[in-house]
Amino acid sequence: MQPEIVKIMRVVIQVKEAAAKAIHQLYGVELQANDILVNATKPEFTGDYTVVLFAFVKQLKKSPDALGQELGDLLLGEYKGFFTAFNVIKGFLNLTISDDHWLGFIHSEYQNSLFGQSATNGQRVMVEYSSPNTNKPLHLGHLRNNFLGRSIAEILKTNGYQVTKTCIVNDRGIHICKSMIAWQLFGNGATPASTHTKGDHFVGDYYVLFNDEFKRQVEVLKAAGKSQEEAEKEAPVMKATQQMLLDWEAGKPEVMELWRTMNSWVYAGFEETYRRIGSDFDKTYYESNTYLLGKDLVETGLEKGVFFQKTDGSVWIDLTPEGLDEKLVRRGDGTSVYITQDIGLAEQKQKEFNAGQSIYVVGDEQNYHFKVLKLICQKLGLPSADGIYHLSYGMVELPTGKMKSREGTVVDADDLVEEMVAIARQKTEELGKVKDFTTEELAELYDTIGLGALKFFLLRVDPKKRMVFNPEESIDFHGFTGPFIQYTHARIKSILRKSGTTKRPPDATRDTQSLLPLEKELCIYLETFPSVLADAGAEHDPSKLAIYIFNLAKIFNSFYTEHSIGNAENEEKKTLRLELAQLTAQTIKTGMNVLGIRVPERM
RNA sequence: GGUCCCGUAGUUCAAUGGAUAGAAUAGAAGUUUCCUAAACUUUAGAUACAAGUUCGAUUCUUGUCGGGACCA
């Protein structure tokens with residue numbers, strides 16, 4: 001074994017490659033390292049890593065026991081100093097890795113502030129997330145979106161990608177006209193400044209007013225004998241809104257002016273929220289600029305025969321061969337539909353950034369839409385089409401069911417953040433551990449903890465799955481939570497402040513101590529961090545990382561309770577444990593930062 | 001009508017076809033002369049149902065029941 005490789009290569013990979021080589025040597029069968037299943041050994045068995053043998057039993061015509069014995073014997077002989085023991089139980093070959101190897105790993109990485117980071121790979125990825133509408137403020141669902149988008153972007157950066165974060169703002173259409181109409185009717189010239197209201201909430205309030213007024217007018221018309229449908233069509237506010245949309249499209253100056261003004265209020269509000277929750281974008285697109293994109297692509301598609309025209313002039317694509325149906329891409333009156341501008345924007349982004357991968361963080365109610373989008377782009381032959389990936393996430397629900405604006409059950413993002421921070425404050429004051437902090441330091445700490453709890457809560461779940469947010473139970477700082485991890489970090493930093501960092505001189509000879517079970521468990525788990533980051537990136541799943549950091553903190557806490565660091569049995573142990581503590585703190589910090597969560601030095 | 005997703009402890013979440021299905025919380029019982037008890041230790045508790053595929057199924061296939069989304 002080359003010593004350099006030992007340091008760089010992950011242990012699991014080494015085990016796989018060694019096993020593949022051994023099988024080749026013993027039986028002449030060529031296997032790829034990745035075809036071999038290697039897991040961490042379950043705690044109730046002896047060993048560190050386990051080769052699952054069942055898969056080869058048939059092919060090699062060996063009993064699992066015999067195969068395990070032969071393989072174990074060969075591996076132990078060939079890789080002295082790496083493997084130190086093995087046992088075979090049923091079809092499982094449990095291998096023990098030498099303490100020397102783990103010690104070497106800790107010694108070489110404990111000061112590495114880039115532990116887990118991959119070298120740049122020269123590939124560009126775009127991540128589009130957030131995608132707000134300008135008629136109302138952000139809610140809990142947007143928070144999940146923002147945290148996912150931001151963290152997946154950061155994860156991909158650590159994986160060596162060059163990442164561009166984009167945002168498409170839905171700033172036009174009937175919804176914003178509703179707010180505008182309501183403001184004209186009921187606003188009396190009020191502004192966010194005059195009412196001391198955050199701009200996005202201000203505009204959102206008029207959206208609510210619109211709906212109230214609309215409902216009222218519909219009732220009046222129904223009382224006058226109209227059907228529901230007729231009433232909704234004829235309600236004066238609705239007619240006014242539709243006229244306003246036409247005026248907007250025609251570029252009528254007063255309408256444009258009002259639209260710009262109201263949107264600017266909203267952007268000021270969004271800006272504040274984004275700053276608070278840590279979302280930022282390298283490039284923001286506005287639908288008012290992009291909604292006409294893609295029209296020329298409809299022509300291209302018709303020429304290429306990808307699209308076809310019906311007798312009423314509407315243009316369609318036939319996706320029945322793909323198991324979907326026919327999809328409209330341009331209406332008979334020549335106006336385009338939602339998907340057309342998405343195709344156009346995809347093309348434009350490709351021209352601007354030419355990213356190999358384009359990730360769209362969008363709710364799973366649009367699964368069908370993105371399936372269609374990708375297919376159409378592929379059929380049109382857009383070079384970036386294969387790189388389209390819909391990072392589809394499930395809705396955040398309340399214990400009572402879905403959030404409904406009509407029933408006032410929408411959880412507002414700003415309110416929720418403030419509530420979390422307030423609870424962090426209350427909890428911190430109760431514990432009274434940071435009485436010497438300045439006001440600024442306290443404010444920062446409350447933010448760190450409150451936002452940490454919220455972000456971790458939303459990121460710890462597989463994005464694809466729907467999740468339930470229980471306002472009472474979710475605001476917990478114990479157990480599988482952000483503050484638990486932050487606390488572990490703060491405690492480690494406290495130990496390091498008191499015990500000093502490690503005293504190992506750079507030329508110190510490698511020690512010969514043996515690892516205690518809890519020390520070893522921590523080593524093994526730390527060593528997997530880079531592959532967890534890689535997995536989380538490849539799977540587009542930050543929850544893998546969140547779960548890892550939580551487990552790491554838990555393992556450290558068990559270790560810490562059992563073994564003294566500052567008053568270790570001897571200097572050698574003390575040095576090792578300080579190194580373990582340093583690397584654990586570093587790993588927690590890197591992992592949490594990648595999730596967009598800060599970790600305090602003290603709390 | 002068609003397509004897709006989801007059903008795991010009381011609750012919220014895990015488990016690339018692998019060993020006795022893990023955590024957290026709520027419940028029960030403990031741990032402070034010593035590095036931060038927002039911690040630690042012990043305990044009890046679950047794969048919706050029925051078939052099939054195989055050495056082995058929470059995972060794959062089919063059906064039933066339940067929840068959700070989308071398309072026209």
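Letters go in sequence order (proteins before strands), and every chain restarts at 1.
Remark: the separation of the P atoms in B:G45 and B:G10 is 11 Å, to the nearest Å. For B:U62 and B:A19, the C1' atoms lie 29 Å apart once the distance is rounded to whole Å. Comparing the same atom, P, in B:A44 and in B:A21 gives a spacing of 14 Å after rounding to whole Å. The separation of B:A23 from B:U41, taken at their P atoms, amounts to 10 Å, rounded to a whole angstrom. On the C1' atoms, B:U59 is 7 Å away from B:G17, given to the nearest whole Å. Taking the P atom of each, B:G2 and B:U58 are spaced 31 Å apart, rounded to whole Å.
The residue A:Thr488 sits apart from the nucleic acid: no heavy atom pair falls under 4.0 Å. Among the heavy atoms of the strands lying under 4.0 Å from A:Ile449 is at least one base atom, whether or not backbone atoms are also near. Residue A:His489 is out of contact with every strand shown, counting any heavy-atom pair closer than 4.0 Å.
Here A:Phe54 counts as stacked on B:G18: its ring centre is under 5.5 angstrom from the base ring centre and the planes meet at under 30°.
Taking 3.5 Å as the limit, the base of B:A19 and the side chain of A:Asn94 contain a donor-acceptor pair of atoms between them. The base of B:A24 lies outside donor-acceptor range of the side chain of A:Thr481, with no N or O pair under 3.5 Å.
Taking the six-membered ring where the residue is Trp, A:Tyr338 and A:His369 present tilted rings, their angle falling between 30° and 60°. Ring planes of A:Tyr525 and A:Tyr548: parallel class, angle under 30° (limits at 30 and 60°).
A:His478 has a side-chain polar atom (N or O) that falls below the 4.0 Å cut-off from OP1 or OP2 of B:A39. At the phosphate of B:A38, OP1 or OP2 sits under 4.0 Å from a side-chain N or O atom of A:Tyr487. Between A:Ser494 and B:U36 there is a side-chain N or O to OP1 or OP2 distance below 4.0 Å. Contact annotation: A:Lys90 side-chain N/O to B:U20 OP1/OP2 distance is under 4.0 Å. Under 4.0 angstrom from either OP1 or OP2 of B:C40 there lies at least one side-chain N or O belonging to A:Asn557.
Counting to the nearest Å, the P atom of B:A19 and the CZ atom of A:Phe92 are 6 Å from each other. Look at NZ on A:Lys327: it is 12 Å from P on B:C70, rounded to the nearest Å.
Heavy-atom minimum distance, A:Ala453 versus A:Phe477: CB-CE2, 3.5 Å.
Cation-pi check for A:Arg602 over A:Phe437 is not met; the charged atom does not lie both under 6.0 angstrom from the ring centroid and within 45 degrees of its normal.
Comparing A:Thr41 and A:Gly323, the nucleotide of RNA chain B nearest to each residue sits closer to the 5' end for A:Gly323. When each of A:Ile492 and A:Lys58 is assigned the nucleotide of RNA chain B with its nearest heavy atom, A:Ile492 is the one assigned upstream, toward the 5' end.
Centroid-to-centroid, the aromatic rings of A:Phe559 and A:Phe556 come within less than 6.0 Å.
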* To do: Take A:Phe469 and A:Phe457 through the ring-ring contact (aromatic ring centres under 6.0 Å, His included) test and state the conclusion after the steps.
  => CA-CA 9 Å; A:Phe469 179 84; A:Phe457 179 82; 5.6 Å; yes
* Structure fact -> Going 5' to 3' through nucleotides 4-14 of chain B and flagging B where a protein heavy-atom sits under 4.0 Å of the base, S where only the sugar-phosphate is that close, and - otherwise, we get ---S---SSSS
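Atom CG of A:Leu458 is separated from atom CG of A:Leu140 by 6.0 Å, given to the nearest 0.5 angstrom.
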